[in-house]
There are 2 protein chains.
Amino acid sequence: MSTPRKATPPGIKHAPLELEHFLPYRLSILSNTVSQGIADDYQQRYDLSMTEWRVMAVLARFEGLSAREVADRTAMDKVAVSRALARLVEAGRVSRHMADNDKRRSVLDLTEDGWAIHDVVAPMARAREQALLDKLDEDERQWLVRILDKLQER
Amino acid sequence: MSTPRKATPPGIKHAPLELEHFLPYRLSILSNTVSQGIADDYQQRYDLSMTEWRVMAVLARFEGLSAREVADRTAMDKVAVSRALARLVEAGRVSRHMADNDKRRSVLDLTEDGWAIHDVVAPMARAREQALLDKLDEDERQWLVRILDKLQER
DNA sequence: TGCAGTTGGTTTCAAATGTAACTATAAAGA
DNA sequence: TCTTTATAGTTACATTTGAAACCAACTGCA
């Protein structure tokens with residue numbers, strides 16, 4: 001154990017990644033920081049998880065979705081959605097009733113309580129986004145949108 | 001339950017977030033897609049988790065770090081690092097010995113096996129990054145770096 | 001010295017998450 | 001119609017993750 005078993009051949013350099021310039025890493029750090037920041041605004045206050053908030057946000061935007069459609073729109077998997085919905089319905093923040101044309105399908109909506117929370121949290125989320133965008137000038141904001149569009153293509 | 005308890009005042013619109021244009025959401029989707037893509041390259045093949053790979057990547061770049069320093073550099077918490085290291089050491093991919101000036105502190109390095117894995121995975125990660133960057137033209141790439149720098153300020 | 005506070009790191013326990021199996025309904029084909 | 005296959009959603013189990021408690025070693029200071 002104390003003697004090196006084989007010296008690294010002199011010519012080989014290993015070329016480690018420079019994480020601080022590595023795009024996937026930078027994206028990950030940035031994304032986590034931002035999402036966590038927003039979550040800090042509502043988590044304790046409303047006992048609301050990030051996934052629950054995402055479900056609420058999409059139901060605010062599109063009323064009457066099924067669980068499956070929520071999953072599609074949030075890029076969450078259906079089990080996660082099912083669990084988030086169980087808590088939200090239990091807490092009286094989302095109403096669920098059966099679609100009359102298809103008894104498997106649920107029809108989901110925010111309740112009044114759900115809307116009340118939404119109407120507090122959504123502006124806070126927007127404010128966080130704005131704080132981020134404020135670091136950029138107008139040119140940069142436009143490039144950012146264009147760049148994100150291209151990176152997400154396909 | 002069947003009678004609405006209070007009608008939503010007619011003037012109030014609720015202003016839901018448009019997730020598809022909401023920056024934090026877009027960043028999250030993009031980041032997860034990219035990181036998961038890279039992870040697909042090594043997870044099954046080397047039985048290596050994403051956190052383990054991150055630890056290896058940072059040890060490739062900076063030899064002899066302590067666990068604490070790894071945590072700082074990866075923005076992971078120390079419990080996650082501790083667990084990743086336990087597996088990596090067990091698997092013979094990282095060596096750990098005690099710092100002689102401070103017996104709490106560990107001195108961590110990739111082993112030969114660790115380097116061998118690194119030297120396969122790092123180029124794959126770089127290739128993924130390149131595939132992403134290939135979607136942009138030179139202008140856009142430069143703006144992206146600049147924008148990320150500004151977004152991460154402070 | 002010797003005590004109080006801090007730091008590096010691991011362990012423990014609870015909560016979150018993912019995978020696969022399962023139930024119920026619906027749709028499609030013979 | 002009867003049988004097969006697909007879909008919506010939940011449940012069960014195993015794994016991962018995070019928070020807090022914990023232990024050991026170090027530091028500062030009386």
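Reminder, nothing fancy here: chain letters follow the sequence lines and each chain counts from 1.
Nucleic acid contact for B:Lys78: base, since at least one base atom lies under 4.0 Å from a heavy atom of the residue. When heavy atoms are screened at a 4.0 angstrom cut-off, B:Ser49 is found touching no nucleic acid atom at all.
The interatomic distance linking A:Asp77 (CG) with C:dA16 (P) rounds to 16 Å, in whole Å. Between the CZ atom of B:Arg83 and the C1' atom of C:dG9 there is a distance of 12 Å, rounded to whole Å. At whole-Å resolution of the value, CD in A:Glu69 and C1' in D:dA8 are 11 Å apart. Taking atom NZ of A:Lys103 as the reference point, atom C1' of C:dA27 lies 15 Å away to the nearest angstrom. Between the CE atom of B:Met50 and the P atom of D:dT17 there is a distance of 9 Å, rounded to whole Å. Atom pair A:Met76:CE and D:dG9:C1' shows a separation of 14 Å (rounding to whole Å applied). Put simply, CE on A:Met98 is 7 Å from P on C:dT25, counting in whole angstrom units. Atom CG of B:Asn101 and atom P of D:dC26 are 9 Å apart (whole Å).
Of the candidate nucleotides C:dG8, C:dT10, D:dT17, C:dG8 has the atom lying nearest to any side-chain atom of B:Arg68. Residue A:Ser106 has its side chain nearest to D:dG9 when only D:dG9, C:dT19, D:dT17 are considered. Considering only side-chain atoms of A:Asp102, the nucleotide from D:dT10, C:dG9, C:dA26 that sits closest is C:dA26.
Between the side chain of B:Glu129 and the backbone N or O of A:Leu23, at least one donor-acceptor pair lies under 3.5 Å. Looking at B:Arg141, its side chain does come within 3.5 Å of a backbone N or O of B:Leu133 through a donor-acceptor pair. A donor-acceptor distance shorter than 3.5 angstrom exists from the side chain of B:Glu140 to the backbone of B:Asp137, with no hydrogens or angles considered.
Using a 4.0 Å cut-off between charged nitrogen and carboxylate oxygen, A:Arg26 and B:Asp149 count as a salt-bridge pair.
Mapping A:Arg104 and A:Ser82 onto DNA chain D by nearest heavy atom places A:Arg104 at the nucleotide closer to the 5' end. Annotation: of the two residues near DNA chain C, A:Ala99 and B:Ala67, the 5′-most nearest-nucleotide partner is B:Ala67. Residues A:Val79 and B:Arg105 both approach DNA chain C. Their nearest nucleotides, taken by heavy-atom distance, put B:Arg105 toward the 5′ side.
Classified by interplanar angle (parallel below 30°, tilted 30° to 60°, perpendicular above 60°), the ring pair A:Trp115/B:His14 is parallel.
Between C:dA15 and A:Arg87, no contact under 4.0 Å exists linking OP1 or OP2 to a side-chain N or O.
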